[in-house]
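Here the structure comes first, spelled out in structure tokens, and everything after it is commentary.
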Amino acid sequence: MPEGDTIRWAANRIRPVLEGRVPEEIRTPQPRHALDRWPERLAGRAVTRVEPYGKHLFLRFEGGLALHSHLRMTGAWGVYAQGQRWGRSSRRAWLVLHVDGRDVVEFDGPVLELMTDGRAAFAARSPSGLAYRAAAASSGCFDQRLAALGPDVLAGELDAERFLARLRADDPTRGIGDALLDQTIIAGLGNMWKAEGCWEAGIDPWRPVAQVSDAEAVSILEHVRPRMERSGELGPRAIEHKIYRRAGRPCPRCGAAVQARGQGDDNRTTFWCPACQR
């Protein structure tokens, strides 16, 4: 699944093309959006902001409307010059925005929706987010999936206070590696960066949350953020894995064999070094 750095990379390519401009053409080839009338509803509106948040991307338009995308396991964004061959078949395009001789294309959904700015709000109002979510539930004007998100791992300044409040409100017996995949605790971290961050910080991903200090939990994010930021600027190909998908190979730090095993309810494969991660 694309993680926060991949979404940041997409936003950085899309922003110079769309931000501040009115798309000359908007197409929604996917049949499920045939009756949504997005081209008519967005006609003449400039894109005011291209905003990544965790694994989500928002194209915000004048008039308080936003296109919300989550790529899950199958989706991708592409930016192409006119006449340039697309990275995937045109039959897999869900959204095409054409401006100034370039196409911004979202392929293979599966979450693509037009919503108001009010619904596309984040839980940034209180450290725990509980009061914010309660207000959202009572008013019915917020999207519960978005209102429940934890702080963005790639925000300009890490909101460590809110991250820790969410972490401490979670199951204390849960492994820290599994907890870091919970988007209501920290948004944008996925299986690869979880493994890389735990290794960088020297933390065993199987250690229960209750046995991980606040400083250790924050250090996992602080270790991984610079590498994620670099990937967001230069693209995923700039990533050099230290431990992810290196099962059976020597640990780059101590030389012991890297281990791999499924973790959590989703059984996501966790990679770690049993010798130097404590």
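The chain is numbered in sequence order, starting from 1.
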List the atom of [X], the atom of [Y], and the distance in Å for their closest heavy-atom pair.
X    : Y    : value
M115 : A120 : SD-CB, 3.4 Å
A257 : G248 : CB-O, 4.4 Å
A160 : V218 : CB-CG2, 4.1 Å
P16  : R21  : O-NH1, 2.6 Å
H33  : T28  : O-OG1, 3.8 Å
L164 : A217 : CD2-CB, 4.1 Å

**Message:** Is there a path of hydrophobic side-chain contacts, each under 4.5 Å between heavy atoms of I/L/V/M/F/W/Y residues, joining M192 to L221?
**Reply:** yes
**Message:** Let me check something: do V212 and F163 share a hydrophobic cluster, defined by ILVMFWY side-chain heavy atoms less than 4.5 Å apart, either directly or through other members?
**Reply:**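 In one cluster with V212: F163, yes.
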Is the count of non-hydrogen atoms from other residues, nucleotides or ligands lying under 6.0 Å from [X] atom [atom1] greater than 12?
X    : atom1 : answer
D265 : CG    : no
E40  : CD    : yes
R88  : CZ    : yes

**Prompt:** Aromatic rings H68 and F58: how do their planes relate, parallel, tilted or perpendicular, breaks at 30° and 60°?
**Reply:** parallel
**Request:** Over 60° means perpendicular and under 30° means parallel, so classify the ring planes of H70 and H56, tilted if in between.
**Result:** perpendicular
I'd like to check the salt bridge (charged side-chain N to carboxylate O under 4.0 Å, His left out) partners of [X]; sequence neighbours left out, ordered by chain and number.
X    : value
E3   : none
R145 : E113, D143
E19  : R15

Evaluate the side-chain proximity of [Y] to [X]: yes if any heavy-atom separation is below 4.5 Å, no if none is.
X    : Y    : answer
W9   : P2   : no
R92  : W86  : no
L167 : I176 : yes

Between atom [atom1] of [X] and atom [atom2] of [Y], what is the distance when rounded to the nearest 0.5 Å?
X    : Y    : atom1 : atom2 : value
L181 : R268 : CG    : CZ    : 6.0 Å
E200 : K242 : CD    : NZ    : 4.5 Å
R72  : K55  : CZ    : NZ    : 11.0 Å
R225 : E222 : CZ    : CD    : 8.0 Å
C198 : L180 : SG    : CG    : 5.5 Å
S89  : F107 : OG    : CZ    : 8.5 Å

**Request:** Start with the C-alpha gap between W272 and R261, add the side-chain angles, then the distance that decides, and say whether side-chain contact (heavy atoms from CB on, under 4.5 Å) holds.
**Result:** CA-CA 9 Å; W272 84 103; R261 189 168 82 241; 3.5 Å; yes
Strictly distance-based, threshold 3.5 Å: is any side-chain N or O of [X] a donor or acceptor partner for the main-chain N or O of [Y]?
X    : Y    : answer
R45  : R60  : no
R207 : R278 : yes
D103 : V105 : no
Q277 : C273 : yes
S231 : I239 : no
E196 : Y244 : yes
R168 : V209 : yes
Q183 : L189 : yes
N191 : T269 : yes
R166 : T184 : yes

**Worked verdict on T270 versus K194 for side-chain contact (heavy atoms from CB on, under 4.5 Å)** = CA-CA 8 Å; T270 290; K194 169 215 53 184; 2.6 Å; yes
**Prompt:** Step by step, would you call R174 with D182 a salt bridge (charged side-chain N to carboxylate O under 4.0 Å, His left out)?
**Reply:** CA-CA 11 Å; R174 191 179 191 183; D182 189 332; 3.1 Å; yes
**Request:** Sequence neighbours left out, what passes side chain to side chain donor-acceptor pair (under 3.5 Å) with T6? Give chain and number order.
**Result:**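 None.
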**Residues which pass side chain to side chain donor-acceptor pair (under 3.5 Å) with D159, listed by chain and number, not counting sequence neighbours** = R162
**Request:** Might you work through the side-chain contact (heavy atoms from CB on, under 4.5 Å) test for Q211 and D204, ending with a clear yes or no?
**Result:** CA-CA 11 Å; Q211 298 176 22; D204 183 346; over 6 Å; no
**Request:** Linking directly or through intermediates, with side-chain heavy atoms under 4.5 Å: list the remaining ILVMFWY members grouped with V99, chain and number order.
**Result:** I7, I14, V17, L18, I26, W38, L42, V47, V50, L57, L59, F61, L65, L67, L71, W77, V79, W94, L95, L97, V104, L112, L114
**Asked** Is the NZ or CZ atom of R253 positioned over W199's six-membered ring, under 6.0 angstrom from the centre and within 45° of the axis?
**Response** yes
**Asked** Can you list the steps and then say if Q263 with W206 is a side-chain contact (heavy atoms from CB on, under 4.5 Å)?
**Response** CA-CA 8 Å; Q263 185 179 29; W206 298 91; 3.5 Å; yes
